[in-house]
Structure formats: C-alpha cells, structure tokens
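What follows is a single structure, written as structure tokens, with notes after it.
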Amino acid sequence: LREIRKNSAKKYKRRRRAEFKLTSDQKYLCETMGTKLPLLPFTTVEEKKLFTDFASQNKHGDDRWLALEWCNFVDGVNIFPKLPVHIRVYRKKW
C-alpha cells in the first residue's frame, strides 16, 4: 500500500474540493446522487493506469477496500470516485 501511494503520489496529485471544475452534467449527477463528486465508471486513461498500478501489486482483489483506497487518489478532473461495482466490472474487462 505504501509503495502504491509513493509511486503514484507523483503522478496523481490530490486536489481540494474547492478546485473541482465539474461540467454541468457532472454537477447534475452530484446533486442527484447527493455526493460532492460523481461516481463514474472507469473512463479516463489516468484511472486505467492507476488501476494497473494497483493490479501490478496484487492490490485489486477486494473491491470494497480498493474503492476506499481509490479515494486517496481522486482529483475530480482525471480520477473520480468508484463504487465497488465499478471496480468489479472493470477488473473483468482488464
């Protein structure tokens, strides 16, 4: 876990909530879901690379754990929060 954070810290910088610039669609999703950021499936290259970082160290087996750990890398621009189901579905494609 420390290794993932250390290696990924340079690539994935955390952003403060006030800095998030969401599209109108993303804002609508947040309002509808009652969340500060939309819960979206894997779509960006950065998300896929981060998942690969976790997978390369066999840190992708527990969907709930990974969904919580994933939040440490969310920036609201290229990396969005994931539900365990998003991780489970993407792992099958990966």
- Task: Rounded to the nearest 0.5 Å, what's the gap from CD on Glu46 to CD1 on Ile79? Could you check?
- Result: 6.5 Å

- Item | Heavy-atom donor-acceptor pair, Trp70 side chain to Leu83 backbone, under 3.5 Å | no

- Between Phe54 and Glu69, is a side-chain contact (heavy atoms from CB on, under 4.5 Å) present by the stated rule, with each step listed? CA-CA 10 Å; Phe54 278 100; Glu69 187 59 31; 3.8 Å; yes

- Message: Would you compute the distance between atom NZ of Lys27 and atom CZ of Phe20 and round it to the nearest 0.5 angstrom?
- Response: 13.0 Å

- Find out if a path of hydrophobic residues (ILVMFWY) with successive side-chain heavy-atom gaps under 4.5 Å connects Met33 to Val74. yes

- Task: Give the cluster check for Trp65 versus Phe73: same hydrophobic cluster or not, with ILVMFWY residues linked at side-chain heavy-atom distances below 4.5 Å.
- Result: yes

- Query: Tell me, do Phe51 and Lys82 make a side-chain contact under 4.5 Å, heavy atoms counted?
  - Reply: no

- Query: In chain order, what residues pass the side-chain contact (heavy atoms from CB on, under 4.5 Å) check against Thr43, with sequence neighbours excluded?
  - Reply: Glu47

- Query: Looking at CD1 of Ile87 and NZ of Lys92, how far apart are the two atoms once the value is rounded to the nearest 0.5 Å?
  - Reply: 13.5 Å

- Give the cluster check for Leu50 versus Leu68: same hydrophobic cluster or not, with ILVMFWY residues linked at side-chain heavy-atom distances below 4.5 Å. no

- Message: Once side-chain contact (heavy atoms from CB on, under 4.5 Å) is applied, do any residues pair with Thr23, and if so which ones, sequence neighbours excluded?
- Response: Asp25, Gln26

- Task: Please examine the side chains of Leu39 and Leu29, heavy atoms only from C-beta on, and report whether any two atoms are closer than 4.5 Å.
- Result: no

- Item | Closest heavy-atom pair and its distance - Pro38, Pro81 | O-CD, 3.5 Å

- Message: Do Cys30 and Leu22 have side chains that approach each other closer than 4.5 Å (heavy atoms only, starting at C-beta)?
- Response: yes

- Note on the structure: Residues passing the side-chain hydrogen bond (donor to acceptor under 3.5 Å, both in side chains) test with Thr52, sequence neighbours excluded, are Trp94

